[in-house]
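Here the structure is laid out as structure tokens; the discussion comes afterwards.
So that the names make sense, note that chain A is the first sequence line, chain B the second, and so on, each numbered from 1. Bear in mind that the values here come from a model prediction, so they are computed numbers and not experimental data.
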Number of protein chains: 2
Amino acid sequence: MSHDSCHCILLRKAARKVSSYYDEALAPLGVNIGQFSLLRHINRMAPVSLTALGAAVELDRSTVGRNTKVLEKMELVESAPGDDHREMVLSLTPAGRALLAEGSPLWDSVQDDIEARLGADNTRQLQDLLAAL
Amino acid sequence: MSHDSCHCILLRKAARKVSSYYDEALAPLGVNIGQFSLLRHINRMAPVSLTALGAAVELDRSTVGRNTKVLEKMELVESAPGDDHREMVLSLTPAGRALLAEGSPLWDSVQDDIEARLGADNTRQLQDLLAAL
DNA sequence: CATGAATGCGTGTATATACCCGCATTGGGC
DNA sequence: GCCCAATGCGGGTATATACACGCATTCATG
């Protein structure tokens with residue numbers, strides 16, 4: 001069987017490699033794919049709490065908190081106390097929205113490259129397989 | 001198209017999720033899948049330098065150095081200066097070999113579970129697709 | 001309305017991962 | 001045999017990620 005290559009390690013390698021594609025494309029904007037993905041989610045969900053954002057991106061709340069703090073320092077995201085004073089609600093700054101607009105075509109192009117390399121059927125198949133894990 | 005879900009983010013999610021399967025199985029031994037994978041490689045390649053090990057697992061040398069340092073503290077791996085005095089060569093301690101023997105069936109069982117869930121054909125397909133990325 | 005449970009966060013700690021810099025050692029050209 | 005380039009490493013820094021703990025706030029129940 002395939003009892004030599006660990007599925008987990010192969011997945012990690014693939015994730016690192018593919019991440020680097022997106023990171024390179026977004027590098028001119030000074031953000032990486034993880035940050036860009038967060039910006040997209042914040043844009044769509046704003047004003048959004050850390051907990052809700054974490055649930056949406058399936059990352060630990062503390063992870064999201066630390067990652068968004070970097071985006072705040074870059075002045076792409078701003079946070080304010082929510083109506084519920086326990087919450088911090090996040091939204092994009094104008095600069096954040098601008099970056100999203102600039103980055104979208106770059107993101108699209110990486111996405112298209114990957115789909116072109118794999119083919120449409122294989123792309124769908126890959127997504128299905130990943131979801132089935 | 002699939003222009004909503006980022007291939008990269010999906011891959012990362014899948015990698016985290018699958019990693020957790022292996023991690024849970026190996027938890028009784030006190031190591032995670034990344035460490036277990038390193039132990040396997042060191043066992044196969046010993047005595048091996050950090051640079052060679054990094055090339056084998058496709059990780060940065062400094063990453064491998066830091067990860068193996070943890071394994072050294074656990075006394076699963078030992079390091080010694082190589083013939084070339086710039087190199088540090090790694091090998092498993094008896095405890096490391098014992099852990100590898102104990103862990104192998106646990107690793108196999110996660111591997112089997114995944115393959116059973118996907119099916120043999122899909123497993124192969126997934127590996128091919130990951131390699132094509 | 002008062003109090004204990006639940007919720008939301010920040011921080012500490014640990015691993016994973018990369019890149020860069022500086023130091024030590026080695027090796028090749030002369 | 002000497003010197004400079006190449007190689008190997010450690011440590012600094014930065015992000016990614018999770019879990020556990022403690023604090024503040026809210027809410028539900030009596």
>> Whether the side chain of Glu87(B) engages the backbone of Val48(B) through a donor-acceptor N/O pair (distance < 3.5 Å, no angle test) should be reported.
In response: no
> Donor-acceptor pair, Ser19(A) side chain versus Ala15(A) backbone, under 3.5 Å?
Replying inline: yes
>> When you measure from the side-chain N and O atoms of Ser62(B) to the phosphate of dG11(D), is any distance below 4.0 Å, counting only OP1 and OP2?
In response: no
> dA14(D) C1' sits how many Å from Asp23(A) CG, rounded?
Replying inline: 13 Å
> Which nucleotide, dC9(C), dC9(D), dT25(D), lies nearest any side-chain atom of Arg86(A)?
Replying inline: dT25(D)
> What do you reckon, is CD of Glu72(B) surrounded by more than 12 foreign heavy atoms closer than 6.0 Å?
Replying inline: yes
> Rounded to the nearest Å, what distance is computed from the CG atom of residue Asp60(B) to the P atom of nucleotide dT15(D)?
Replying inline: 17 Å
>> Quick check on DNA chain D: between Asp84(A) and Val70(A), whose nearest nucleotide comes earlier from the 5' end?
In response: Val70(A)
>> In this structure, how many angstroms lie between the P atom of dT15(D) and the CG atom of Leu39(A), rounded?
In response: 14 Å
> Leu59(A) CG to dT17(D) P: how many Å, rounded?
Replying inline: 5 Å
> Of the candidate nucleotides dC19(C), dC9(D), dT25(C), which contains the atom at the shortest distance from the side chain of Arg61(B)?
Replying inline: dC9(D)
>> On DNA chain C, does the nearest nucleotide to Val89(A) precede the nearest nucleotide to Glu58(B) from the 5' side, or the other way round? Give the residue.
In response: Val89(A)
> OP1 or OP2 of dT17(D) less than 4.0 angstrom from a side-chain nitrogen or oxygen of Arg16(B), does that happen here?
Replying inline: yes
>> What is the distance, to the nearest angstrom, from the CZ atom on Arg66(B) to the C1' atom on dG10(D)?
In response: 8 Å
> Which residue, Val64(B), Val89(B), Asn67(B), forms the side chain to side chain contact (heavy atoms under 4.5 Å, CB included) with Leu53(B)?
Replying inline: Val64(B)
> From dG8(C), dA18(D), dT25(C), pick the nucleotide closest to the side chain of Glu87(A)?
Replying inline: dG8(C)
> When you match Ser49(B) and Asn32(A) each to their closest nucleotide on DNA chain D, which lands nearer the 5' end?
Replying inline: Ser49(B)
> Given Glu58(B), which of Lys13(A), Lys17(A), Arg16(A) fulfils the salt bridge (Lys or Arg N to Asp or Glu O under 4.0 Å) condition?
Replying inline: Lys13(A)
> What is the distance, rounded to the nearest whole Å, between atom NE2 of His85(A) and atom P of dC27(D)?
Replying inline: 11 Å
> What's the CG-P distance between Leu11(B) and dA16(C), to the nearest Å?
Replying inline: 20 Å
> If only side-chain N and O atoms of Thr63(A) are considered, is one of them under 4.0 Å from the OP1 or OP2 phosphate oxygen of dA18(D)?
Replying inline: yes
> Taking only side-chain nitrogens and oxygens of Arg12(B), does any of them come within less than 4.0 Å of OP1 or OP2 of dT17(D)?
Replying inline: yes
>> Between C1' on dC19(C) and CG on Leu50(B), what's the gap in Å once rounded to a whole number?
In response: 17 Å
